[in-house]
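Take a look at the structure set out below.
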Amino acid sequence: MQVHLTIISYLFCIILTIFINFVIQFSMNEQFIAVLDSGIGGISVLKELVKVFPNESFLYFGDNNNAPYGNKSKERLLSITIRNIDIIKKYPIKALVLACNTLSVNLISDIKDYSGVETFGIFPPVEKCVINKEKTLLLATKRTSENYRNTPLLEVVGLLDLVCKIEDNIFDLEKVDFVRSLKESSCGQFIDVKGYYNTIILGCTHYNFIKIKISDHFQPQKIIDGTTFLIFNLKKYLKNKKSIEKTKRFSVFFIGDNAKENQYFFEKSGQVGQN
(Lines give C-alpha, C1' and ligand atoms only; values in the text may rest on other atoms or scores of the structure.)
Protein backbone atom coordinates (compact mmCIF):
# COMPACT_ATOMS: atom_id res chain seq x y z
CA MET A 1 0.00 0.00 0.00
CA GLN A 2 2.81 2.39 0.94
CA VAL A 3 4.57 1.65 -2.38
CA HIS A 4 1.40 2.46 -4.32
CA LEU A 5 1.01 5.78 -2.49
CA THR A 6 4.63 6.67 -3.21
CA ILE A 7 4.18 5.90 -6.91
CA ILE A 8 0.95 7.93 -7.05
CA SER A 9 2.65 10.87 -5.33
CA TYR A 10 5.59 10.68 -7.74
CA LEU A 11 3.30 10.55 -10.78
CA PHE A 12 1.30 13.50 -9.45
CA CYS A 13 4.47 15.61 -9.19
CA ILE A 14 5.43 14.70 -12.76
CA ILE A 15 1.96 15.56 -14.07
CA LEU A 16 1.95 18.85 -12.17
CA THR A 17 5.34 19.79 -13.61
CA ILE A 18 4.20 18.92 -17.14
CA PHE A 19 1.04 20.96 -16.66
CA ILE A 20 2.93 24.02 -15.40
CA ASN A 21 5.37 23.81 -18.31
CA PHE A 22 2.45 23.45 -20.73
CA VAL A 23 0.75 26.56 -19.37
CA ILE A 24 3.99 28.52 -19.58
CA GLN A 25 4.73 27.30 -23.09
CA PHE A 26 1.16 28.15 -24.10
CA SER A 27 1.87 31.71 -22.96
CA MET A 28 5.17 32.03 -24.81
CA ASN A 29 4.00 35.30 -26.31
CA GLU A 30 4.24 36.71 -22.79
CA GLN A 31 7.46 37.75 -21.16
CA PHE A 32 8.05 37.05 -17.52
CA ILE A 33 9.79 38.91 -14.76
CA ALA A 34 11.87 36.13 -13.24
CA VAL A 35 12.53 36.18 -9.51
CA LEU A 36 15.41 34.11 -8.12
CA ASP A 37 16.18 33.35 -4.48
CA SER A 38 17.73 30.66 -2.30
CA GLY A 39 14.31 29.62 -1.01
CA ILE A 40 11.18 31.21 0.40
CA GLY A 41 12.82 34.54 1.36
CA GLY A 42 12.31 35.98 -2.11
CA ILE A 43 8.57 35.48 -1.80
CA SER A 44 8.55 38.54 0.47
CA VAL A 45 9.93 40.46 -2.51
CA LEU A 46 7.58 38.75 -4.95
CA LYS A 47 4.59 39.88 -2.88
CA GLU A 48 5.73 43.49 -3.18
CA LEU A 49 6.37 43.13 -6.91
CA VAL A 50 2.85 41.86 -7.46
CA LYS A 51 1.45 44.91 -5.64
CA VAL A 52 3.44 47.37 -7.75
CA PHE A 53 3.05 45.49 -11.05
CA PRO A 54 -0.46 43.98 -10.81
CA ASN A 55 -0.64 43.09 -14.50
CA GLU A 56 2.72 41.36 -14.98
CA SER A 57 3.56 37.68 -15.31
CA PHE A 58 6.16 36.41 -12.85
CA LEU A 59 8.36 33.34 -12.81
CA TYR A 60 9.62 32.30 -9.37
CA PHE A 61 12.62 30.04 -8.81
CA GLY A 62 13.31 29.25 -5.16
CA ASP A 63 16.42 27.11 -4.68
CA ASN A 64 15.40 25.72 -1.28
CA ASN A 65 17.55 22.61 -1.69
CA ASN A 66 20.71 24.72 -1.62
CA ALA A 67 19.67 27.10 1.15
CA PRO A 68 21.25 28.83 2.88
CA TYR A 69 23.40 30.70 0.38
CA GLY A 70 25.00 32.88 3.05
CA ASN A 71 27.40 30.19 4.26
CA LYS A 72 28.72 29.21 0.83
CA SER A 73 31.83 30.42 -1.01
CA LYS A 74 31.47 32.80 -3.94
CA GLU A 75 32.71 30.09 -6.29
CA ARG A 76 30.06 27.66 -5.11
CA LEU A 77 27.36 30.31 -5.29
CA LEU A 78 28.29 31.21 -8.85
CA SER A 79 28.21 27.57 -9.92
CA ILE A 80 24.77 27.07 -8.38
CA THR A 81 23.43 30.31 -9.85
CA ILE A 82 24.64 29.56 -13.38
CA ARG A 83 22.77 26.27 -13.26
CA ASN A 84 19.63 27.99 -11.99
CA ILE A 85 19.80 30.72 -14.62
CA ASP A 86 20.13 28.07 -17.32
CA ILE A 87 16.77 26.70 -16.14
CA ILE A 88 15.18 30.15 -16.00
CA LYS A 89 16.43 31.03 -19.50
CA LYS A 90 14.32 28.23 -20.96
CA TYR A 91 11.41 30.63 -20.55
CA PRO A 92 10.87 34.06 -22.16
CA ILE A 93 11.92 36.65 -19.58
CA LYS A 94 12.27 40.41 -19.88
CA ALA A 95 14.00 40.98 -16.56
CA LEU A 96 15.67 38.99 -13.80
CA VAL A 97 15.25 39.97 -10.17
CA LEU A 98 17.73 38.63 -7.62
CA ALA A 99 15.57 38.53 -4.50
CA CYS A 100 18.63 37.57 -2.48
CA ASN A 101 21.06 40.00 -0.86
CA THR A 102 23.85 37.40 -0.79
CA LEU A 103 23.73 36.92 -4.57
CA SER A 104 23.29 40.63 -5.24
CA VAL A 105 26.10 41.86 -3.02
CA ASN A 106 28.62 39.20 -4.03
CA LEU A 107 27.84 38.24 -7.62
CA ILE A 108 25.73 40.92 -9.34
CA SER A 109 28.33 41.65 -12.06
CA ASP A 110 28.91 37.96 -12.87
CA ILE A 111 25.19 37.27 -12.97
CA LYS A 112 24.50 40.26 -15.22
CA ASP A 113 27.17 39.08 -17.63
CA TYR A 114 25.77 35.55 -17.75
CA SER A 115 22.01 36.11 -17.68
CA GLY A 116 21.77 38.00 -20.98
CA VAL A 117 18.83 40.06 -19.68
CA GLU A 118 18.46 43.16 -17.53
CA THR A 119 19.21 42.03 -13.99
CA PHE A 120 18.24 43.75 -10.75
CA GLY A 121 19.65 43.02 -7.32
CA ILE A 122 18.56 43.78 -3.80
CA PHE A 123 21.08 45.52 -1.55
CA PRO A 124 21.07 46.66 2.08
CA PRO A 125 20.40 50.45 1.93
CA VAL A 126 23.43 51.24 4.09
CA GLU A 127 24.47 54.47 2.35
CA LYS A 128 21.08 56.10 2.93
CA CYS A 129 21.28 55.51 6.68
CA VAL A 130 24.88 56.73 6.94
CA ILE A 131 24.11 59.90 4.95
CA ASN A 132 21.19 60.58 7.28
CA LYS A 133 23.53 60.01 10.26
CA GLU A 134 21.32 57.29 11.69
CA LYS A 135 22.74 54.81 14.20
CA THR A 136 22.25 51.63 12.19
CA LEU A 137 22.50 47.87 12.66
CA LEU A 138 22.79 45.68 9.59
CA LEU A 139 21.60 42.10 10.05
CA ALA A 140 22.75 39.87 7.20
CA THR A 141 24.08 36.46 6.25
CA LYS A 142 27.71 35.71 6.88
CA ARG A 143 28.66 36.09 3.21
CA THR A 144 26.83 39.42 2.86
CA SER A 145 28.17 40.82 6.12
CA GLU A 146 31.76 40.32 4.96
CA ASN A 147 31.23 43.08 2.39
CA TYR A 148 30.55 45.76 5.02
CA ARG A 149 32.67 47.27 7.76
CA ASN A 150 31.72 48.58 11.15
CA THR A 151 31.84 52.40 11.38
CA PRO A 152 30.77 54.86 14.07
CA LEU A 153 27.29 54.88 12.50
CA LEU A 154 27.05 51.30 11.23
CA GLU A 155 27.42 47.99 13.00
CA VAL A 156 27.25 44.71 11.11
CA VAL A 157 26.17 41.29 12.32
CA GLY A 158 26.52 38.16 10.19
CA LEU A 159 24.04 35.46 11.23
CA LEU A 160 24.98 31.87 10.47
CA ASP A 161 21.85 29.78 10.87
CA LEU A 162 18.85 32.10 10.93
CA VAL A 163 17.86 31.40 7.32
CA CYS A 164 17.70 27.66 8.03
CA LYS A 165 15.57 28.23 11.12
CA ILE A 166 13.13 30.36 9.15
CA GLU A 167 12.94 27.87 6.26
CA ASP A 168 12.38 24.97 8.65
CA ASN A 169 9.68 26.72 10.68
CA ILE A 170 8.04 28.98 8.15
CA PHE A 171 4.50 27.98 9.23
CA ASP A 172 5.35 28.11 12.92
CA LEU A 173 7.70 31.08 13.32
CA GLU A 174 7.31 31.08 17.10
CA LYS A 175 9.91 28.32 17.04
CA VAL A 176 12.51 30.63 15.48
CA ASP A 177 14.81 31.74 18.31
CA PHE A 178 16.10 35.01 16.90
CA VAL A 179 17.85 36.03 20.11
CA ARG A 180 19.80 32.79 20.23
CA SER A 181 20.88 33.20 16.60
CA LEU A 182 21.98 36.71 17.41
CA LYS A 183 24.09 35.61 20.37
CA GLU A 184 25.67 32.80 18.36
CA SER A 185 26.69 35.19 15.57
CA SER A 186 30.27 34.56 14.49
CA CYS A 187 31.07 38.08 13.32
CA GLY A 188 30.18 41.63 14.19
CA GLN A 189 29.91 43.64 17.40
CA PHE A 190 26.69 45.35 18.39
CA ILE A 191 24.94 47.01 21.30
CA ASP A 192 22.15 44.75 22.54
CA VAL A 193 20.10 47.54 24.12
CA LYS A 194 16.49 48.33 23.26
CA GLY A 195 16.10 51.63 21.41
CA TYR A 196 19.85 52.07 20.85
CA TYR A 197 19.61 51.88 17.05
CA ASN A 198 17.61 54.32 14.96
CA THR A 199 17.44 51.86 12.09
CA ILE A 200 17.69 48.11 11.59
CA ILE A 201 18.51 47.00 8.04
CA LEU A 202 17.36 43.52 7.04
CA GLY A 203 20.16 42.30 4.78
CA CYS A 204 18.42 39.03 3.93
CA THR A 205 14.94 38.65 2.46
CA HIS A 206 14.18 35.72 4.78
CA TYR A 207 14.37 38.07 7.76
CA ASN A 208 11.23 39.89 6.62
CA PHE A 209 9.18 37.01 7.97
CA ILE A 210 10.37 37.65 11.54
CA LYS A 211 10.37 41.43 11.35
CA ILE A 212 8.15 41.72 14.42
CA LYS A 213 10.52 39.55 16.48
CA ILE A 214 13.43 41.75 15.45
CA SER A 215 11.49 44.92 16.18
CA ASP A 216 10.42 43.69 19.61
CA HIS A 217 14.01 42.84 20.51
CA PHE A 218 15.74 46.05 19.40
CA GLN A 219 12.82 48.52 19.35
CA PRO A 220 14.35 50.74 16.64
CA GLN A 221 12.60 53.71 15.11
CA LYS A 222 12.34 51.83 11.83
CA ILE A 223 13.23 48.60 10.06
CA ILE A 224 14.05 48.75 6.36
CA ASP A 225 15.40 46.59 3.54
CA GLY A 226 16.41 46.98 -0.10
CA THR A 227 13.08 46.09 -1.70
CA THR A 228 11.92 49.67 -2.30
CA PHE A 229 15.03 50.65 -4.23
CA LEU A 230 14.96 47.40 -6.23
CA ILE A 231 11.38 48.07 -7.30
CA PHE A 232 12.22 51.69 -8.14
CA ASN A 233 14.98 50.56 -10.51
CA LEU A 234 12.85 47.85 -12.10
CA LYS A 235 9.92 50.22 -12.63
CA LYS A 236 12.18 52.84 -14.19
CA TYR A 237 13.62 50.25 -16.58
CA LEU A 238 10.24 48.86 -17.64
CA LYS A 239 8.87 52.38 -18.19
CA ASN A 240 11.83 53.32 -20.36
CA LYS A 241 11.36 50.13 -22.37
CA LYS A 242 7.59 50.75 -22.51
CA SER A 243 7.31 47.21 -21.26
CA ILE A 244 4.92 47.53 -18.33
CA GLU A 245 1.90 45.28 -18.85
CA LYS A 246 -1.38 47.12 -18.22
CA THR A 247 -4.17 44.97 -19.60
CA LYS A 248 -4.26 41.67 -17.70
CA ARG A 249 -4.22 40.38 -14.15
CA PHE A 250 -0.91 39.25 -12.69
CA SER A 251 0.10 35.60 -12.82
CA VAL A 252 2.85 33.74 -11.01
CA PHE A 253 4.42 30.49 -12.16
CA PHE A 254 6.77 28.49 -9.95
CA ILE A 255 9.60 26.41 -11.38
CA GLY A 256 12.45 24.30 -10.04
CA ASP A 257 12.61 21.31 -7.72
CA ASN A 258 10.79 23.18 -4.96
CA ALA A 259 8.08 24.74 -7.12
CA LYS A 260 5.20 23.02 -5.35
CA GLU A 261 6.20 24.00 -1.81
CA ASN A 262 7.05 27.58 -2.84
CA GLN A 263 3.70 27.98 -4.55
CA TYR A 264 1.94 26.63 -1.47
CA PHE A 265 3.80 29.10 0.74
CA PHE A 266 3.06 32.00 -1.63
CA GLU A 267 -0.65 31.22 -1.50
CA LYS A 268 -0.66 30.82 2.29
CA SER A 269 1.88 33.48 3.23
CA GLY A 270 -0.76 36.04 4.08
CA GLN A 271 -1.31 33.95 7.20
CA VAL A 272 2.34 33.78 8.27
CA GLY A 273 5.28 36.10 8.68
CA GLN A 274 3.71 38.12 11.47
CA ASN A 275 6.03 36.92 14.24
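Since the structure is predicted, the reported quantities are computational estimates derived from the model, not experimental observations.
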Between Lys213 and Glu174 the two heavy atoms that sit nearest each other are NZ-O, 3.8 Å
Residues which pass side chain to side chain contact (heavy atoms under 4.5 Å, CB included) with Val130, listed by chain and number, not counting sequence neighbours:
Val126, Leu153
Residues Asp172 and Lys175 bridged, charged N to O under 4.0 Å
yes
Test log, rule side chain to side chain contact (heavy atoms under 4.5 Å, CB included), inputs Leu238 and Ile33:
CA-CA 10 Å; Leu238 294 177; Ile33 298 174; 4.0 Å; yes
Give, for atom CD1 of Ile201 and atom CG of Leu154, the distance between the pair rounded to the nearest 0.5 Å.
6.5 Å
Considering all heavy atoms, the nearest Pro124-Gly203 contact
CG-CA, 4.1 Å
Let me check something: do Phe229 and Phe123 share a hydrophobic cluster, defined by ILVMFWY side-chain heavy atoms less than 4.5 Å apart, either directly or through other members?
no
Counterpart residues, side chain to side chain contact (heavy atoms under 4.5 Å, CB included), relative to Leu78 (two or more places apart):
Ile82, Leu107, Asp110
Sorted by first residue and then second, give each ring pair (Phe, Tyr, Trp, His ring centres under 6.0 Å) pair with at least one member in residues 62-86; sequence neighbours left out.
none
Distance from Tyr264 atom OH to Ile170 atom CD1, nearest 0.5 Å?
12.5 Å
Donor-acceptor contact below 3.5 Å, side chain Lys268 vs main chain Phe171:
no
Backbone of Phe266 reached by a side-chain donor or acceptor of Ser269 within 3.5 Å:
yes
Let me confirm one number: the CD1-CD distance from Ile93 to Gln31, rounded to the nearest 0.5 Å.
9.0 Å
Yes or no on side chain to side chain contact (heavy atoms under 4.5 Å, CB included) for Leu202 and Lys211, after CA distance, side-chain angles and deciding distance?
CA-CA 8 Å; Leu202 303 183; Lys211 186 181 291 186; 3.9 Å; yes
Using modelled atom types and a 3.5 Å cut-off, is there a donor and acceptor pairing between side-chain atoms of Lys90 and backbone atoms of Asp86?
no
I'd like to check Leu103 versus Ile108 (side-chain heavy atoms, cut-off strictly below 4.5 Å). Are they in contact?
no
Can you tell if the side chain of Thr136 reaches within under 4.5 Å of the side chain of Tyr197, non-hydrogen atoms only?
no
So, the side chain of Thr144 versus the backbone of Ala140: is there a donor-acceptor pair under 3.5 Å, distance only?
no
Shortest non-hydrogen contact from Ile200 to Pro220?
CG1-CG, 3.5 Å
Looking at every heavy atom in both Gly226 and Pro125, which two are closest together, and how far apart are they?
N-CD, 3.9 Å
Under the criterion side chain to side chain contact (heavy atoms under 4.5 Å, CB included), I'd like the reasoning laid out for Ile122 against Leu98: C-alpha separation, chi angles, the key distance, then a yes or no.
CA-CA 6 Å; Ile122 184 168; Leu98 304 178; 5.7 Å; no
Look at the side chain of Thr205 and the backbone N and O of Ala99, then say whether any donor-acceptor pair between them is shorter than 3.5 Å.
yes
Stepwise, does the ring-ring contact (aromatic ring centres under 6.0 Å, His included) test hold for Phe232 with Tyr237?
CA-CA 9 Å; Phe232 173 82; Tyr237 168 76; over 10 Å; no
According to the side-chain hydrogen bond (donor to acceptor under 3.5 Å, both in side chains) rule, which pairs have a member within residues 35-45, sequence neighbours left out?
Ser44-Asn208
In chain order, what residues pass the side chain to side chain contact (heavy atoms under 4.5 Å, CB included) check against Asp257, with sequence neighbours excluded?
Asn65
Tyr207 and Leu139 have their tightest heavy-atom pair at CE1-O, 3.6 Å
When hydrophobic residues are tied together by side-chain contacts of less than 4.5 Å, even through go-betweens, does Leu162 share a cluster with Leu182?
yes
Separation of Leu36 CG from Leu96 CG (nearest 0.5 Å):
6.0 Å
Closer than 3.5 angstrom, by distance alone: can the side chain of Glu56 be matched with the main-chain N or O of Phe32 as a donor-acceptor pair?
no
Using a distance-only test with no angle check, is there a side-chain donor-acceptor pair under 3.5 angstrom linking Ser115 and Lys89?
no
I'd like to check Leu49 versus Leu234 (side-chain heavy atoms, cut-off strictly below 4.5 Å). Are they in contact?
yes
Do Ile166 and Val163 have side chains that get closer than 4.5 Å, going by heavy atoms?
no
Is it the case that atom OH in Tyr114 sees more than 12 heavy atoms from other parts of the structure closer than 6.0 Å?
yes
Please report the shortest heavy-atom distance between Gln219 and Asp216, naming the atom on each side.
CG-O, 3.6 Å
Validation row: Leu230, Glu48 side chains within 4.5 angstrom (heavy atoms):
no
Just say parallel, tilted or perpendicular for the rings of Phe53 and Phe58, cut-offs at 30° and 60°.
tilted
Residue pair Phe218, Leu137: steps toward the side chain to side chain contact (heavy atoms under 4.5 Å, CB included) verdict
CA-CA 10 Å; Phe218 285 108; Leu137 177 65; 3.5 Å; yes
Using the side-chain hydrogen bond (donor to acceptor under 3.5 Å, both in side chains) rule, collect all pairs that involve residues 227-236, keeping only residues at least two apart or in two chains.
Asp225-Thr227
Among the clusters formed by ILVMFWY side chains lying less than 4.5 Å apart, do Ile131 and Leu138 turn up in the same one?
no
Can you tell me how far NZ of Lys72 sits from OG1 of Thr81, rounded to the nearest 0.5 angstrom?
10.5 Å
Using 4.0 Å as the upper bound for N to carboxylate O, is an ion pair formed by Glu146 and Lys74?
no
For the pair Lys135 and Glu155, find out whether any cationic side-chain nitrogen is under 4.0 Å from an anionic carboxylate oxygen.
yes
Find out whether Arg76 and Asn66 are in side-chain contact, i.e. whether some heavy atom of one side chain is under 4.5 Å from a heavy atom of the other.
yes
For Asp161 and Ser181, does a side-chain donor sit closer than 3.5 Å to a side-chain acceptor?
yes
Between Arg83 and Asp63, does at least one N-O distance fall below 4.0 Å, as a salt bridge requires?
yes
Are side-chain heavy atoms of Ile224 and Thr199 found at a separation under 4.5 Å?
yes
Atom pair CD/CG of Glu184 and Leu160 - distance to nearest 0.5 Å:
8.5 Å
Does the Ser104 side chain pair with the main chain of Gly121, one donor and one acceptor, at a distance under 3.5 Å?
no
If you group Ile, Leu, Val, Met, Phe, Trp and Tyr by side-chain heavy-atom gaps below 4.5 Å, do Ile80 and Val105 land in one group?
yes
With Phe265 as partner, the option from Phe209, Tyr60, Phe254 fulfilling ring-ring contact (aromatic ring centres under 6.0 Å, His included) is Phe209
Is there side-chain contact between Leu159 and Val157, with at least one heavy-atom pair below 4.5 Å?
yes
Please determine whether a side-chain nitrogen of the Lys or Arg among Lys222 and Glu134 lies less than 4.0 Å from a carboxylate oxygen of the Asp or Glu.
yes
Using the side chain to side chain contact (heavy atoms under 4.5 Å, CB included) rule, pick out the option among Ile255, Val117, Val35 that qualifies with Ile88.
Ile255
